[in-house]
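Okay, so here's the structure we're looking at.
As the structure is a computational prediction, the values presented were derived from the model and not from experiment. Every chain is numbered from 1, with letters handed out A, B, ... down the list of sequences. Atom set for the values below is all heavy atoms of this structure, side chains included, hydrogens, waters and symmetry mates excluded.
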Amino acid sequence: MIKGHETAPILRVAVPVPLYGGFDYLDIDETGRTPVGSRVLVRFGRRRLVGIVIEHADDSDVPAARLRAIEKVLDDTPVLDDELLGLLRWAARYYHHPLGEALATALPVALRRAKADQTPHRHRGWQQVDPAPADEDDLLARAPRQRELLAAIRAVSHPTAHSHLLARFGNAQAPLKALQERGLIEPVELPGALERGGAGSAPTLGAGSAPTLGADQQQAVDHLCGLDAAFHPVLLEGVTGSGKTEVYFRHMARMLAAGRQVLFLAPEIGLTPQLIERLRARFDAAIGVLHSQRSEGERADVWRAARAGDADIVIGTRSAVFTPLPRLGLIIVDEEHDGSYKQQDGFRYHARDVALRRAQQCGVPIVLGSATPALESLHNANQKRFAHLKLPKRATGAALPPIRVIDIRSRPLLGGLSDPMLGHIERHLTAGNQVMIFINRRGYAPALSCHDCGWIAPCTRCDAPLTLHGGGARLQCHHCGAAEAAPPRCPSCGAKELIALGAGTERVAGALRSRFPDVRIARFDRDSVARKGRLESQLADVASGATQLLVGTQMLAKGHDFARLTCVGVLDVDGGLFSADFRAAEHMAQLVTQVAGRAGRADLAGEVWLQTRHPEHPLLHRLLAGGYNAFASAALSERRDAALPPFGHLALLRAEAHDLQSPQEFLTQAAATINVDADIACWGPVPAPMQRRAGRYRAHLLLHATRRARLHPALDHWQRVLGELPGARRVRWSIDVDPQDLL
DNA sequence: AGCACGCCGACT
DNA sequence: GTCGGCGTGCTC
């Protein structure tokens, strides 16, 4: 073939701006082409931005005179391989988000900056000194924390990462230094961000200390191990304590032995040190951990190690779904129903759904695990799109506790607690057992009100009351973060009697303290465990039995098993029954089922009590009578009747502005561009349930399609025209595909 | 989103 | 007379 004309070396580059489509640049590579997936530094208008090469082109629609050359290629090897770039292109299209921003979201923060430096960070670690000094016991007699740390360091034969110790023990700086000075441990430099699991014992993958399986577990493992290396989506529905993790581990061991990488996703709250510890203890493999407390340098190092194929297992939260894994063989999504898998701003992807797409694209099996699967996943299983494996029994043989209600209509509440609830608590405490009280509100009370005129302390920037904190001394907005001191008298009428309305964790804990003064009580919410290591030490006190009574928010619902916990109380289920959000009942049922899973053991029967003003509510009734499965089938038929997900398909167009009218005007214009028919409808525009938040007025337009195939063309159309609407400049707008909540 | 350009009000 | 408000246009 004869070259008819000179072909210009043109690169299509995605830059992190809210503009759809790529931008063309001239390549500066003399010898070949800068590979697709590379990071490049480009001039963009007057700015310099880090973009990603997404395509090679031979010519451009842009006049040659206006094309600029890229300034610099930032990496020797592309940061994104074809597989990951393909996944992100799909995700950007599916979620109707500009590709450049989607790519930037997927990259570790350190790689979003224009630094070519790729040398891995140095990682500090500790190892024990051999031989230990003879007077060790005397040295550490009065230093329990040092003993604890030393034991952890000695538990494994290889050095322990400093960051790992901090994540597990909180601020361990001082005791580590003391141990070093006493000649018991010494600092070492670790090669990378990966942790080596496997206690240094046999190199057999996954063989070490594997517990024997129950019949259901064995069946699930047999099914999973019988799958060939292809896309096989599996929903693993296992009640709390049924040993889901052991089933994952068996499947993982097989994949690791075959030389494949495993991606393990967990919600932030489920990615506990215990889980990571179990992984480390079990697998003699290189493990990359991506949790929120990791530094950006460490995250970038895990990313690079995964891309190089050095990491065998990558475990992380939502964004870990975008880790490059050239040998990917298996994806596990633990607690797949968890709402934290959906990103709630910017690039609003759902990590579970992206993971499904990724597994399909790579042709690998994927396991979605939960005790309370999302209705979407149950529907997929019912439709035979997913295999459905069940672990209906607890591994210990313990029965699931009965769940019963306390009708609190016309009953006085003491700090949110009814008399019967206090009676149950007392009964279990007296028996020497532990009790957990669950309330989905942090702070002292959700509002401060004037007893005389009814005034309620409002946030100045949001349409919401301020929450009382600090025993009633401070006011705080849970939506915008504003904080102030509680006023001494009513600003509206001057009356001195201001009263706290309702109860949060702080008030409940206080009421329990005065009722049970001799019982040790621990509070678990974002405020009380904010300090690093505090959560771990509080949990340790529960595990040792020192703490008998636990009060907390949903962070108590998952992951931790306490030997003597026999009674769980849920104080506010009604919020889930009457919310504007169509998923509220589903979340309530998941929460109740999850917390119920905390109670009782083989030898100690447990019970669960729910306070409600609506004991006859049909969905609550189904949940109590038939468990989560009965609830789910009732909820699914309600969804079918209302054509809501998974039977209908939704996208939300959000708009916000500093003034009241602009969002409404823009959304009205947007609605007018859709040709409504039997299969596709626009609902709204309507003001958001909380119209003003952080000083911005917000409104929504809901797009509803009976078939998925009709939703996306309509969104493609919106993507093209919305920016051109006259009202678009006056608002901040975004498209949310498969919105998690309509708030 | 940024960042510039451009045309109308209250200040040294 | 200038500093600065935010409307409008553009980014290969």
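Note on ring orientation: taking the six-membered ring where Trp is involved, the planes of A:His712 and A:Tyr94 are tilted (angle from 30° to 60°). In this structure, A:Tyr95 and A:Trp90 have perpendicular ring planes: the angle between them is above 60°, well past the 30° mark.
Rounding to whole angstrom units, CD of residue A:Glu55 and P of C:dC12 are separated by 18 Å. Whole-Å rounding puts the A:Asp659 CG to C:dG7 C1' distance at 14 Å.
Extent of DNA chain B lying under 4.0 Å from chain A heavy atoms, first and last nucleotide in 5' to 3' order, is B:dA1 to B:dA4.
Put simply, the residue from A:Asp738, A:Asp353, A:Asp736 that forms a salt bridge (Lys or Arg N to Asp or Glu O under 4.0 Å) with A:Lys342 is A:Asp736.
The line from CG of A:Asp581 to CG of A:Asp741 is 5.0 Å long, rounded to the nearest 0.5 Å. Here A:Gln343 contributes atom CD and A:Ser319 contributes atom OG; the two are 8.0 Å apart, rounded to the nearest 0.5 Å. Interatomic distance, CZ of A:Phe322 versus CG of A:Leu103, reported as 9.5 Å (0.5 Å rounding). For the atom pair A:Leu368 CG and A:Tyr341 OH, the distance stands at 9.0 Å (nearest 0.5 Å).
Of the residues in residues 11-23 of chain A, those placing a heavy atom less than 4.0 Å from an atom of DNA chain C are A:Leu19, A:Phe23, in numerical order. Contacts with DNA chain B (heavy atom under 4.0 Å) in residues 42-51 of chain A: A:Arg46, A:Arg47, listed by number.
Salt-bridge formation is not detected for the pair A:Glu656/A:Arg698: no Lys NZ or Arg NE/NH1/NH2 atom is positioned less than 4.0 Å from an Asp or Glu carboxylate oxygen.
Residues A:Leu41 and A:Arg48 are in side-chain contact: their nearest non-hydrogen atoms beyond the backbone lie under 4.5 Å apart. Side-chain contact between A:Leu653 and A:Leu667: present, with at least one pair of heavy atoms (C-beta onward) separated by less than 4.5 Å.
Between the side chain of A:Arg730 and the base of C:dG7, no donor-acceptor pair under 3.5 Å is found.
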